[in-house]
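Predicted, not measured: the structure shown is a model, and the values here were computed from it.
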Amino acid sequence: MWKNKFYRTLFYSFCFIIILYSVGVFAVYYMKNMEISRVERNSSQKLLLQQVQEMMDQRIQVALNGMIQLETSEAFKDFTRFSHTELKYYHMGRVLQELQRNKTAFSNYDYDISLMLQNDDTVITSKHTMPADRFFNELHVTKEARRNFQNFAEDTSWSSYFETVLLSFNEDSDTFSFVKKYRISYEKTALFFLSFNKINLLPETEKTKNTDLMIISGKEILPLDSGEKKNSVLNRELLTVISEKNEQVPSYWKIEKDNRIIHTIGSKSLKDVQFVYAAPLNAEQSGQNSQWLAAALIPAALLLAGFGIAYPLIRHTYRPVQEMVAAIREEDDPMAAGEDEFVLFQETAKRMREANRELSKVLKDNQVPLKMKFLWDAIHGLLPKHQILRGMEQFQLDCYKGKTTVSIIEFDYSRMPLLQEGRSKLNVQAVQLLKEVLGEDVPFELAELSPGRSALITAGISSGELKKKLTAAINFLDSSISRHITAAIGQEADDLASSDQSFQQASELLENRLSVEKKQILCWDDLSVKLMQTFYYPLEVEKELIHYFIQGKKEKAFQILNRILEENLDEKNLNKTALSQFVFAMAGTVNRIIQTSSRIPDEMLHLELSAIRDRETLKAEIVRTFSKASAEITSVRESSSAASRIVAYIHQHYNEDLSLQDLSDYFQLTPSYISTIFKEYSGENYKEYLNRFRIQKAKELLSDRNIKVSEAASLVGYNNVNTFIRLFKRYVGLSPGQYVKMD
């Protein structure tokens with residue numbers, strides 16, 4: 001009984017699925033059968049081509065052996081020696097006899113050898129001699145093939161003696177020839193014609209009008225099975241590809257082009273000769289009507305079986321819907337015939353949605369926008385380039401595919417305390433002011449970095465122009481507000497994917513704001529000029545240098561030292577004062593290294609180095625001084641077994657939550673004693689050594705671009721990603737994302 005709408009819809013759906021499944025089974029069967037037929041057809045075509053290669057190579061090799069036998073005969077040598085004397089025809093007759101004997105000995109291979117000397121008009125065949133024009137006319141050589149032969153004969157280059165020229169004949173000719181050169185002397189060259197008959201030469205093949213069996217040599221194409229189908233699918237580009245494929249080894253390969261499949265294989269006897277078999281990609285199917293009829297019975301049987309089980313299955317499937325309707329409707333209010341069950345469900349669900357709408361609105365209004373999270377990760381270098389490109393497409397940020405600048409705008413809330421509501425209003429007003437100052441032609445995004453600090457991302461505007469507009473915006477504000485604002489503008493990046501460099505520069509500007517003239521708008525050029533007037537030798541770099549020297553890792557230590565010397569003595573033009581300060585810092589580092597070996601430092605080292613005026617000499621002397629200090633450490637340093645075991649234990653368990661107390665419990669030593677011997681052994685306290693070793697392991701993990709920053713942090717023992725990023729930047733000088741890009 002057709003009571004309700006969903007019941008009928010369910011029945012129609014089952015019928016549609018049954019029909020669709022049956023048709024799908026038939027389609028899959030048809031496609032698989034076609035695929036199997038195609039594989040079998042390709043295999044048979046490949047086998048045919050390989051048989052052609054074997055039969056042709058056998059005859060070609062016998063002909064080449066006959067040519068070599070003739071070249072070594074006395075008759076040939078005398079003929080070439082006396083070719084311009086009165087005995088020419090006598091020796092020509094002797095060569096003719098040699099050709100006849102060779103043909104008689106190998107008559108089963110159905111080939112013929114002819115020869116002529118270069119710049120001579122007489123051709124010697126196995127039957128008689130004749131002029132060259134008559135020889136070519138009897139063989140029905142085409143005019144184009146005659147021109148190719150003439151160019152080949154006149155070519156005096158050494159490579160031509162390793163080439164083979166195919167003489168193609170008219171369509172009614174049953175013969176084809178290969179031409180080979182033989183150098184007799186610097187002035188004499190012999191041309192050999194190796195001729196073969198097509199009749200009874202090839203294996204039995206399926207004679208169809210759509211197949212082509214050809215021989216290719218250079219630009220010449222010779223059809224073997226039918227002259228009417230010559231190179232219908234081959235062009236100059238394809239000929240070049242075929243020649244290059246078989247240049248080194250006679251390998252088999254195939255290609256599909258213009259709805260045809262082309263099989264090709266190189267000759268084993270002649271390197272520049274290939275055999276080609278072309279056939280339709282989808283051959284005509286015949287004699288399979290009975291097979292298709294049998295296959296059609298499968299979907300027919302499926303249809304009958306499907307309809308047979310559809311009715312009871314539908315009743316079983318519809319039962320939960322009946323139970324849901326009974327649970328919603330009152331017993332005294334049953335559904336009428338033809339009434340839609342899901343209209344009832346929709347009305348009930350509508351009332352539930354209304355109850356939750358306000359809650360959803362609150363959650364949505366307070367949710368951090370995904371676009372802001374994407375921009376934050378992008379400028380911090382936490383996203384690979386492909387994710388940034390996908391995010392730009394998702395959030396419609398195509399304008400940032402070009403030049404992009406990142407600036408940091410900082411508002412000092414410590415000097416002007418505001419409530420959270422006031423801060424929110426201030427942010428709204430800031431966005432509105434930026435829209436008015438930058439104009440509609442300059443797209444921008446404002447991403448909050450921390451309370452009081454936001455990143456301004458702009459596109460299509462230079463740093464200088466942006467500085468002018470931000471200055472105008474600050475001047476527009478009241479002085480009581482504007483004096484608490486500082487803006488730092490990084491250099492232009494190529495696009496948003498590389499904007500982390502611009503963001504890094506803006507961050508460095510704020511960190512080094514005391515190094516430049518006091519300004520509210522800071523540009524990278526303001527800091528870069530100042531930096532060129534001071535030497536580069538951060539405290540973290542000095543710690544790393546001392547650490548490697550004390551640990552005996554000389555290679556890494558001298559890499560850091562050479563980098564410092566190159567940047568300060570080669571790249572920077574330090575003035576006298578800055579150079580003296582740099583030398584003093586270098587001398588201090590050497591003395592700290594010497595102190596770790598309980599030696600007395602050289603207090604006069606700074607004066608000795610400062611007395612050197614030549615920078616190259618100064619660089620060499622600094623390297624020598626560090627080398628001497630490293631040698632002293634190596635010679636006097638004694639390895640402490642307890643400290644060595646502690647270091648080994650750290651190397652094995654660095655990825656765990658490893659504290660000094662954990663080491664004390666494991667080695668049964670007091671924490672203070674462990675700290676003392678560890679300091680003496682490594683030159684660092686325990687926490688510093690552990691952090692440096694973990695960051696080194698993280699650098700190795702991040703070399704694999706498939707690993708994420710959060711995963712690397714967890715693998716080296718940091719549960720907090722922000723702590724890991726801060727320590728990574730401290731020891732490496734770059735954020736993890738920047739390091740991955742530079743790696």
Do [X] and [Y] make a side-chain contact, defined as non-hydrogen atoms from C-beta onward lying under 4.5 Å apart?
X	Y	result
Ile695	Lys729	no
Ile550	Glu684	no
Ile650	Tyr686	yes
Ser675	Leu660	yes
Gln551	Lys556	no
Tyr548	Ile560	yes
Leu702	Phe728	yes
Val583	Met586	no

- Message: If you count heavy atoms of other groups shown closer than 6.0 angstrom to NZ of Lys401, is the number above 12?
- Response: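 Result for NZ/Lys401: open.
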
- Message: With side-chain contact (heavy atoms from CB on, under 4.5 Å) as the criterion, how do Ser507 and Ile408 come out once you've worked through the C-alpha distance, each side chain's angles and the decisive distance to 0.1 Å?
- Response: CA-CA 7 Å; Ser507 300; Ile408 298 179; 3.5 Å; yes

- Give the C-alpha distance, both sets of side-chain angles, the deciding distance and a yes or no for side-chain contact (heavy atoms from CB on, under 4.5 Å) between Glu544 and Arg692. CA-CA 9 Å; Glu544 190 173 11; Arg692 190 182 300 279; 3.5 Å; yes

Restricting to non-hydrogen atoms, name the atom on [X] and the atom on [Y] that form the minimum distance, rounded to 0.1 Å.
X	Y	answer
Ala698	Val716	N-CG1, 3.8 Å
Tyr400	Ile457	OH-O, 3.2 Å
Lys679	Asn685	CD-N, 4.0 Å
Asp500	Ala378	CB-O, 4.0 Å
Ala497	Lys385	CB-CG, 3.9 Å
Thr458	Phe444	CG2-CB, 3.9 Å

Find the distance between [atom1] ([X]) and [atom2] ([Y]) and round it off to the nearest 0.5 Å.
X	Y	atom1	atom2	value
Lys687	Phe678	NZ	CZ	11.5 Å
Met372	Ser454	CE	OG	10.0 Å
Leu734	Gln501	CG	CD	10.0 Å
Asp614	Leu618	CG	CG	8.5 Å
Ile521	Ser463	CD1	OG	12.5 Å
Met392	Leu375	CE	CG	10.0 Å

- Message: Using side-chain contact (heavy atoms from CB on, under 4.5 Å), reason through Ile388 and Phe374 one step at a time and then give a plain yes or no.
- Response: CA-CA 8 Å; Ile388 293 179; Phe374 163 73; 4.2 Å; yes

Mark yes or no for whether [X], through its side chain, and [Y], through its backbone, hold a donor-acceptor pair below 3.5 Å.
X	Y	value
Ser703	Lys699	yes
Thr404	Gly402	yes
Gln738	Ser735	yes
Ser499	Ser502	no

- Leu456 pairs by side chain to side chain contact (heavy atoms under 4.5 Å, CB included) with which of Leu470, Thr405, Val406?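 Result for side chain to side chain contact (heavy atoms under 4.5 Å, CB included) with Leu456: Leu470.
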
- Residue from Asn562, Leu561, Asn568, Leu565 passing side chain to side chain contact (heavy atoms under 4.5 Å, CB included) with Lys619: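 The option that passes is Leu565.
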
- Answer yes if the ring centres of Phe626 and Phe558 are under 6.0 angstrom apart, and no otherwise.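 Ring-ring flag for Phe626/Phe558: false, centres at least 6.0 Å apart.
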
- Message: Under a 4.0 Å threshold between the charged nitrogen and the carboxylate oxygen, would Arg390 count as salt-bridged to Glu393?
- Response: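 Result for this pair is no, no salt bridge flagged.
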
- Message: Tell me which pairs pass side chain to side chain donor-acceptor pair (under 3.5 Å) where either residue lies in residues 650-667, with sequence neighbours left out.
- Response: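 Non-adjacent pairs meeting side chain to side chain donor-acceptor pair (under 3.5 Å): His651-Tyr689, His653-Glu656, Ser659-Asp662, Gln661-Asp665.
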
- Find out whether the Lys NZ or Arg CZ of Arg645 is both under 6.0 angstrom from the six-membered ring centre of Phe667 and within 45° of the ring's axis.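 So Arg645 doesn't make the cation-pi contact.
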
- Kindly indicate, with the supporting measurements, whether the criterion salt bridge (charged side-chain N to carboxylate O under 4.0 Å, His left out) is fulfilled by Glu566 and Arg563. CA-CA 5 Å; Glu566 288 176 1; Arg563 187 183 67 194; over 6 Å; no

- Go through Ile594 and Phe549 one step at a time and tell me if the side-chain contact (heavy atoms from CB on, under 4.5 Å) criterion holds. CA-CA 10 Å; Ile594 294 175; Phe549 270 116; over 6 Å; no

